[in-house]
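Below, chain A is the first sequence line, B the second, and so on; all start at residue 1.
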Amino acid sequence: MTEIRVRIAPSPSGNLHIGTARTALFNYLFAKKNNGKFVLRIEDTDAERTSQSYIDNIFDSLKALGLNWDEGPDVGGPYGPYTQSERFDIYPKYAQILLEKGFAYECFCTPEELEAEKQSATQNKKPYVYSKKCENLSENEKARLRAEGRKPAIRFNISKVQKTFHDNSVLKFDDLVKGELHMDTDLLGDFVIMKSNGTPTYNFAVVIDDMLMKISHVIRGEDHISNTFKQILIFEALGAQIPKFGHLGMILAPDRSKLSKRHGATAVSEFVEKGYLTEALINFVALLGWSPSDGKEIKSIDEIAQDFRIGDISSSNSIFEYDKLNWMNSHYIKMLSIEELKEKLKPYLTKYDLSELTDAQYTRMVEITYEPLTLLSNITDAVPYFFGEDVEIEPKAQIDVLDTDVAQDVLKEFLKQAENWEFSEDNLHEKLEAFRAEYKEKGIKPKVTMWAIRAAVTGRTCGADMTAILAILGKDKVFRRIKNAIK
RNA sequence: AGCGGUAUCGUCUAGUGGUUAGGACGGGAGAUUCUCAUUCUCCAAACAGGGGUUCAAUUCCCCUUACCGCCGCCA
């Protein structure tokens, strides 16, 4: 039995996209489930669009998501290098083999000539297919063209290969997720495998690398289906073993267009900055197309791997809805321990002076404020009143609460009574309960009583547990703020 | 235009030749609470349309429609 080897092959022309992350995840899951290897390969044949910061971002994001690779540019492996730009000496050799076998030919067409072909095709409302006019150039003609200074590209001879290995022009393969797929290869057109500058095109480099790296299963987005037909033909022309293919539906934005910047975050790192937990991201994205056999949706990556069956992946596109992601994120936040939370929340509290709070106070603050968080970043706006001597009063709290006679009365009474209170949480809890009861006697709802205190102390009409807030702030600050609120 | 793919509540999905078509998010109602939130209970919400095949079709086949993707010396 041959080893299961899968790969994720991102192109570093941008930060790691959430869609790429999902593809990586499914590859990872497939490898884990089948005791296979998960390979990372960087596809940077287009130097123009590549940047080191993108490469770093891809590495960091994949790691953060827990999608650790067994072989890759940094960790190496038996089939390296794992960065295509470091493999440029490999591809021409195989192009040469194809040339010699007659499965490829040199093409001297200029961009202008090619453009003209395309133009006439669109004018005649026909799909564009390369004319093959360079297929049978004589050695003399090639020499003449070369003398003109023209550098040839190398094209793959589709029909020649198809005819050599198949009875008719239809090519079929069994897709792991979509079932049997077929295509009339006459419609494909002889595509370039080596550019005139000597670098390979995507379709060629992928095949050479997948072959050399002994990739057994290629799991990728369905936008690659038509490439797959071309790639299978290259495998055949080279006499190589053809991997199994599985094509995943795409992730679409809520408006059913491709998920892009204008829909919000697209890069994993952006989601993380916004305060999404990578565990939530992984869990959510796994549920796009895959569903657990026991119906329990909250699952760790390991649990998902256990239950993973590639054939059960939905073959349709799915829409990326924030509602569920947000719900899931808040769920994962609630599963964090307080110690973990204290650390993870710190990056979002830099605008405050945390040294104002003792560790015990900070702990308590986190305990009483984490529950409503959807994003870790929500903490920023949830806690300003824990810091500084005074507090900013929201207009709503001022007008609806503090400006009322009841509130003014409550505050004055509170000041009087609390003078002798010990500001421990237990004690406050007891005292406040009695305080509320007292006002309830007078026909003032508990809610109204507490609103007055809350508005004066926090500047808001809603927020965390009031007793704990008072205990954390301490008598001095609480009295100071209440006095400020009294007219 | 051509080619390929997909089609179950608004969204992610389960499921079956005979089911009250299930769950989750979101939405609505209520309970709890000092507020927001949490939690709990309940409710509404779907088999794209048309033909077949069959005793029976959401399920199998065909067509239509819609949507997505691909048609580069980008990946």
Tell which nucleotide pairs with [N], taking only Watson-Crick or G-U wobble pairs whose two distances are both under 3.5 angstrom.
{"N": "B:G69", "answer": "B:C3"}
{"N": "B:U11", "answer": "B:A24"}
{"N": "B:U53", "answer": "none"}
{"N": "B:C40", "answer": "B:G30"}

[N] to [M] separation - [atom1] atoms, rounded to the nearest Å:
{"N": "B:U13", "M": "B:A46", "atom1": "C1'", "result": "12 Å"}
{"N": "B:A29", "M": "B:G22", "atom1": "P", "result": "23 Å"}
{"N": "B:U58", "M": "B:C9", "atom1": "P", "result": "15 Å"}
{"N": "B:U32", "M": "B:U41", "atom1": "C1'", "result": "11 Å"}
{"N": "B:U11", "M": "B:G26", "atom1": "C1'", "result": "8 Å"}
{"N": "B:C70", "M": "B:G15", "atom1": "C1'", "result": "33 Å"}
{"N": "B:U16", "M": "B:A21", "atom1": "C1'", "result": "9 Å"}

Subject >> hbond_proxy A:Ser196 side chain to B:C73 base (donor-acceptor, 3.5 Å cutoff) >> reply: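 Result: at least one qualifying N/O pair found.
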**OP:** May I ask you to verify whether the side chain of A:Arg436 and the base of B:C34 hold a donor-acceptor pair under 3.5 Å?
**Re:** no
Original post:
Taking the six-membered ring for Trp, is the centroid-to-centroid distance between A:Phe26 and A:Phe308 below 6.0 Å?
Top reply: yes
**OP:** Among the candidates B:G23, B:U13, B:C34, find the nucleotide nearest to the side-chain atoms of A:Arg454.
**Re:** B:C34
Heavy atoms only, 4.0 Å cut-off, all strands: where does [X] land among base, sugar-phosphate and nothing?
{"X": "A:Asp44", "result": "nothing"}
{"X": "A:His224", "result": "base"}
{"X": "A:Met183", "result": "sugar-phosphate"}

**OP:** Starting from the 5' end of RNA chain B, give me the residue, A:Glu43 or A:Asp465, whose nearest nucleotide shows up first.
**Re:** A:Asp465
Original post:
On RNA chain B, nearest-nucleotide positions of A:Tyr322 versus A:Leu114: which is more 5'?
Top reply: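 That would be A:Tyr322.
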Subject >> Atom pair distance, as rounded to whole Å: CD1 in A:Ile154 and P in B:C73 >> reply: 14 Å
**OP:** Whole angstrom is fine here: how far is it from CD1 in A:Ile313 over to P in B:A14?
**Re:** 11 Å
Original post:
What class does the angle between the rings of A:Phe320 and A:Phe284 fall in, given that below 30° is parallel, 30 to 60° is tilted and above 60° is perpendicular?
Top reply: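 Because their plane-to-plane angle is over 60°, the rings of A:Phe320 and A:Phe284 count as perpendicular.
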Original post:
Taking only residues two or more places apart in sequence, or in another chain, which ones meet A:Tyr439 in a ring pair (Phe, Tyr, Trp, His ring centres under 6.0 Å)?
Top reply: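 Ring pair (Phe, Tyr, Trp, His ring centres under 6.0 Å) check on A:Tyr439 returns A:Phe435.
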Original post:
Any side-chain N or O of A:Ser330 less than 4.0 Å from the OP1 or OP2 oxygen of B:A37?
Top reply: no
Original post:
Would A:Arg220 count as a cation-pi partner of A:Phe245, with NZ or CZ less than 6.0 Å from the six-membered ring centre and within 45° of the ring normal?
Top reply: no
Original post:
Any Lys/Arg nitrogen of A:Asp307 or A:Lys299 sitting under 4.0 Å from an Asp/Glu carboxylate oxygen of the other?
Top reply: no
Subject >> Residues A:Glu438 and A:Lys440 bridged, charged N to O under 4.0 Å >> reply: no
